[in-house]
Enquirer: 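Attaching a single structure in structure tokens format; questions to follow.
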Amino acid sequence: MAVCYRHPDRETGVSCANCGRPICPSCMTTTPVGMRCPECSRQTTKVRNLRTSFDRPVVTLALIAINVLIYFGMSTQTGLQGTGGSLSRDFGLFGPAVDQGQWYRLLTSGFLHAGLIHLGFNMYILWFLGNLLEPSLGPVRFGALYLASLLSGSFGALLLAPNALTVGASGAIFGLMGATFVMHRARGIDPMQSGIGVLILLNLGISFVLPGISIGGHLGGLVGGALAGWLMDQAQSRRLGHAVLVPVVICLAVGAVAVAASFAVAGRVA
């Protein structure tokens with residue numbers, strides 16, 4: 001296999017659409033006529049790749065801040081390593097409570113965590129994925145994608161373990177992984193070579209090996225985020241309507257379906 005002309009230690013199957021030189025994911029710039037190397041991309045009108053348009057990931061920073069503040073608010077009741085407390089009982093995901101009309105648990109459960117390690121691991125991956133996705137999507141579309149992923153994760157958790165008390169941002173984060181995967185493929189980037197495929201497999205493996213992890217939440221978020229990401233990319237590539245409004249509507253539709261399915265599952269098992 002050919003190697004990147006700027007990074008000889010990296011094999012790649014992608015070449016610059018202009019000069020034909022092999023390029024790795026770090027050197028690729030997406031243009032309407034295909035991938036271009038850094039030199040050729042400077043000769044054209046500036047285009048968006050996976051890390052342009054918005055420099056500061058404001059939504060990512062806000063989400064991390066909210067999660068951290070809520071966790072340390074919980075720690076006043078349970079200690080830094082506590083897993084209980086009234087916030088978890090009152091706002092964590094619990095099927096019978098959702099069936100009784102406490103729909104907000106589908107959302108609030110994604111901002112609660114069961115320990116410092118749980119919080120730190122999720123926030124680290126959120127920071128990594130947010131810096132990758134939000135500069136490309138913009139804050140509004142990224143926020144909508146996060147919401148759709150979170151609600152999809154809640155549905156998956158209820159589907160497999162409706163009577164378990166579930167907390168954590170993992171479902172939403174798996175959704176961001178799924179969206180990144182499909183968006184990489186749409187841009188001609190090998191997800192395994194870019195590292196997102198390995199990240200997904202590693203985290204799925206951890207989900208099945210370690211006890212106390214919501215497998216349903218992870219799988220539901222992954223599928224929901226991948227679906228929303230794929231639909232958003234299809235709408236953008238086909239130029240269907242407003243560049244911001246249509247992707248947001250798509251994410252809201254995915255989230256609405258997840259909420260409706262969550263109520264159906266909660267009502268069936270309560």
Side-chain angles (χ1 to χ4, degrees), residues 25-31 35 41 46-71 107 110-111 113 119-154 168-189 191 194-200 203 218 221-237 241-255 258:
S26 299
C27 300
M28 298 175 187
T29 298
T30 306
T31 72
M35 295 296 178
S41 65
K46 186 177 180 181
V47 296
R48 286 187 178 185
N49 57 23
L50 284 178
R51 296 185 62 85
T52 57
S53 299
F54 297 90
D55 295 330
R56 185 180 295 274
V58 292
V59 174
T60 300
L61 291 170
L63 289 170
I64 292 174
I66 292 171
N67 278 277
V68 171
L69 289 174
I70 290 177
Y71 176 77
L107 181 64
F111 294 91
H113 289 84
L119 173 71
F121 187 73
N122 279 345
M123 294 304 99
Y124 174 77
I125 300 182
L126 174 56
W127 173 250
F128 169 75
L129 294 172
N131 275 275
L132 186 65
L133 279 176
E134 189 176 345
S136 172
L137 297 177
V140 176
R141 287 180 292 182
F142 177 78
L145 175 62
Y146 190 89
L147 176 63
S149 300
L150 193 159
L151 294 174
S152 297
S154 294
S170 304
I173 291 170
F174 264 86
L176 297 183
M177 293 186 203
T180 304
F181 185 94
V182 298
M183 289 178 180
H184 273 191
R185 291 202 61 182
R187 288 160 175 76
I189 302 173
S194 69
I196 190 62
V198 176
L199 183 64
I200 292 174
N203 281 275
H218 290 185
L222 182 66
V223 173
L227 175 61
W230 181 78
L231 291 173
M232 291 169 68
D233 192 79
Q234 289 296 306
Q236 182 179 2
S237 63
H242 194 277
V244 174
L245 179 60
V246 172
V248 170
V249 171
I250 288 172
C251 290
L252 292 179
V254 172

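A quick note: this is a predicted structure, and the numbers were derived from the prediction, not measured.
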Enquirer: So do the side chains of Leu133 and Tyr146 get within less than 4.5 Å of each other, counting heavy atoms only?
Expert: no
Enquirer: On a heavy-atom basis, which atom in Gly130 and which in Pro57 lie closest, and how many Å separate them?
Expert: O-CB, 4.3 Å
Enquirer: Please report the interatomic distance CG(Asn122) to CG(Leu63), rounded to the nearest 0.5 Å.
Expert: 12.0 Å
Enquirer: Measuring from atom CZ of Phe174 to atom CG of Leu199, what distance do you get when rounded to the nearest 0.5 angstrom?
Expert: 8.0 Å
Enquirer: In the structure I gave you, are the side-chain heavy atoms of Asn203 and Ile125 within less than 4.5 Å of one another anywhere?
Expert: yes
Enquirer: What are the two closest heavy atoms between Cys251 and Ala144, and how far apart are they?
Expert: CB-O, 3.4 Å
Enquirer: Can you tell me how far CZ of Phe142 sits from OG1 of Thr60, rounded to the nearest 0.5 angstrom?
Expert: 3.5 Å
Enquirer: Minimum heavy-atom separation for Thr180 to Leu176, with atom names?
Expert: OG1-O, 2.7 Å
Enquirer: State, with a plain yes or no, whether a side-chain heavy atom of Val254 is found less than 4.5 Å away from one of Ser152.
Expert: yes
Enquirer: Does any non-hydrogen side-chain atom of Met232 lie less than 4.5 Å from one of Leu137?
Expert: yes
Enquirer: Once you round to the nearest 0.5 Å, how far does OG of Ser170 lie from CG of Leu222?
Expert: 12.5 Å
Enquirer: Can you tell if the side chain of Arg185 reaches within under 4.5 Å of the side chain of Phe181, non-hydrogen atoms only?
Expert: yes
Enquirer: Looking only at heavy atoms, which two atoms of Gly225 and Ala179 are closest? And how far apart?
Expert: O-CB, 3.5 Å
Enquirer: Would a 4.5 Å heavy-atom cut-off, applied to side chains only, mark Asp233 and Val182 as touching?
Expert: no
Enquirer: When you compare the side chain of Phe111 with that of Leu150, does any pair of heavy atoms fall below 4.5 Å?
Expert: yes
Enquirer: Taking all heavy atoms of Ile196 and all of Leu129, pick out the closest pair and write down the distance.
Expert: CD1-CD2, 3.8 Å
Enquirer: If you measure from CG on Asn131 to CG on Leu126, what distance do you get to the nearest 0.5 Å?
Expert: 9.5 Å
Enquirer: Are Leu147 and Leu107 packed together at the side-chain level, in the sense that at least one heavy-atom pair is separated by less than 4.5 angstrom?
Expert: yes
Enquirer: If I take atom CG from residue Leu145 and atom CE from residue Met183, how far apart are they, to the nearest 0.5 angstrom?
Expert: 6.0 Å
Enquirer: Yes or no on side-chain contact (heavy atoms from CB on, under 4.5 Å) for Glu134 and Val58, after CA distance, side-chain angles and deciding distance?
Expert: CA-CA 8 Å; Glu134 189 176 345; Val58 292; 3.6 Å; yes
